Protein chains: 2
Amino acid sequence: MRPSAKPSVAKSPTTKRRRRASAPKPYHHGDLRRVLIDAALQLVGEGGAEAVSVREAARRAGVSPGAPFRHFPSRDALIQAVAEEAQRRFRAEIEAALAAAPASDPLGRFRCLGLAYLRWAMRNPTHFEIISSRRLFDHDQAAAISSDNAELIALTEQTLAQAFAAGQLRSADLKQVQIAGRALVYGFARMNIDGHFPRWGVAGAEAERTAEAVLDLFIEGIAKRS
Amino acid sequence: MRPSAKPSVAKSPTTKRRRRASAPKPYHHGDLRRVLIDAALQLVGEGGAEAVSVREAARRAGVSPGAPFRHFPSRDALIQAVAEEAQRRFRAEIEAALAAAPASDPLGRFRCLGLAYLRWAMRNPTHFEIISSRRLFDHDQAAAISSDNAELIALTEQTLAQAFAAGQLRSADLKQVQIAGRALVYGFARMNIDGHFPRWGVAGAEAERTAEAVLDLFIEGIAKRS
DNA sequence: TCGTGAATGTAAGCGCTGATTACACGATTG
DNA sequence: CAATCGTGTAATCAGCGCTTACATTCACGA
């Protein structure tokens, strides 16, 4: 079969030079994997994880529908790769914010951590969603995501422990405080994603101000009173 | 077309009586809409909203793939009907719990409200998910869900206002407290759904105990200190 | 320099899905 | 009894994930 020899434009001699000089489509893409992840990241940003289809990613990469399966065994694997990329960025942002916070005030560092979390989640809602809800792919197979996440939790616990050591906390049950704090920021971020704040535009300034106020309310609640 | 006249089994006279006496499948289902919603509710319970397909619901109802579209114009409409049913049950549970709480202790009522919320969400995770994340269908068209939700929020605000009037609250910014409280319970419920508590089985006793502890931590944080 | 095999693309097709359309059947009603 | 409306079926469409067979190109060793 294959009656129309469309792709092999240059069937003449000097094939290689011709291809380099004029052909718009080299047979091999170069870095299709990377391009597919970028396309899928864009799709996630546009319509959430459910809007990601292998075919659409292939389409945007200018490649046939079956090509992605050379790089990802399944759609889930593509989603997972996207999630790993998003998680990498999320963690980098959190750590950058924490690095800029003074070590002298552990509770203030905790606040910085929460703020960075909230801000990233609200500015990248679909990316946050993809690294959050585990129904979208198999988190057990995504070791990078799990370890990144565990590291962030450990960071939180350390910060809380330092705050307690400095006498800044009311409760001694750090585990409880940590879970409550996570639930608060996670809940706020997801309420934003899930459309529970219809008045605010996504990542609007008002939403971020409210996020900050809610975080402060919580921190005052766990802090030792002056 | 239609060369094979398979379906018209009883082309003989006395068709009606024959059907009533022996036919296992009356042509008309009776209450297909209700059966479809139940089937879809079951599908949601088994694999989440994404696991719901119109065909599968039709299959379980013992009906052809196109039949559901007589009752629901689209898959989203079916999902929406399921969500309305779930929301109805959710609200009923919350209100029952609140009705059983004494009016003399508004902050205690607030706690009951939060507990009922958390318990229902953790015992019906997929149903909670379907009424929570607005990406699954168009909430603007589901007036029943929006109004139910608004009523629950109003109930929360009333309870908080009563608690403040009784001098039980530290902060006067009730709006902030209400949003923070919602974020906390919502976040906890969603973390459970989204698999952030891998050790606990869904709706395990430990999870519910932790939920209660976290709620109490929050309430202590907003309460006036003794 | 030239084969040759591995890597990576295409083409075709399977079964599934949501959705639409034309038609068949049954019950209600005048 | 006949008309009609509500509700089922059958057939069909396009899009999806995924697989298989084949085409093309690259990289490496004789």
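The sequence lines fix the lettering, A, B, ..., with proteins before strands; numbering per chain opens at 1. Excluded from the calculations below are hydrogen atoms, water molecules and symmetry mates; all remaining heavy atoms, backbone and side chain alike, are included. What you are looking at is a predicted structure, and each value in this text was computed from that prediction instead of being measured.
- As rounded to whole Å, 12 Å separates atom C1' of D:dT9 from atom CG of B:L32.
- Side chain of A:V63, nearest nucleotide from C:dG18, D:dT9, C:dT10: C:dT10.
- Here the closest non-hydrogen pair linking A:L36 and A:L78 is O-CD1, 4.2 Å.
- B:S53 comes within 4.0 angstrom of sugar-phosphate atoms only, judged by non-hydrogen atoms across all strands, and of no base.
- Atom CD in B:E50 sits about 15 Å away from atom P in C:dT17, given to the nearest Å.
- Ring orientation note: the planes of B:F197 and B:F188 are tilted relative to one another, at an angle of 30° to 60°.
- In this structure, CD1 of B:I79 is placed 10 Å from P of C:dA19, rounded to the nearest angstrom.
- Ring planes of A:F110 and A:F218: tilted class, angle from 30 to 60°.
- One atom, CZ of B:F72, and another, P of C:dT20, lie 15 Å apart when rounded to the nearest Å.
- One atom, CD of A:E56, and another, P of D:dC16, lie 7 Å apart when rounded to the nearest Å.
- In the set C:dT8, D:dT19, C:dA19, the nucleotide with an atom closest to the side chain of A:H71 is C:dT8.
- Closest to the A:F69 side chain, of the nucleotides C:dT10, D:dT19, C:dG18, is D:dT19.
- The residue A:R55 sits close to a base: some heavy atom pair falls under 4.0 Å.
- Each of C:dT17, C:dT10, C:dT8 was ranked by its minimum atom distance to the side chain of B:R59; first place goes to C:dT17.
- Using cut-offs of 30° and 60° for the angle between ring planes, the B:H196 and A:Y186 rings count as tilted.
- Ring geometry for A:W120 against A:H127 counts as tilted: the plane angle lies between 30° and 60°, on a 0 to 90° scale.
- As judged by a 4.0 angstrom heavy-atom cut-off over every strand, B:R33 is placed among residues making no nucleic acid contact.
- When rounded to the nearest whole Å, the span between CG of B:L36 and P of D:dT7 equals 12 Å.
- Distances were taken from every side-chain heavy atom of B:R75 (C-beta onward) to each of C:dA19, D:dG17, C:dT10; the shortest belongs to C:dA19.
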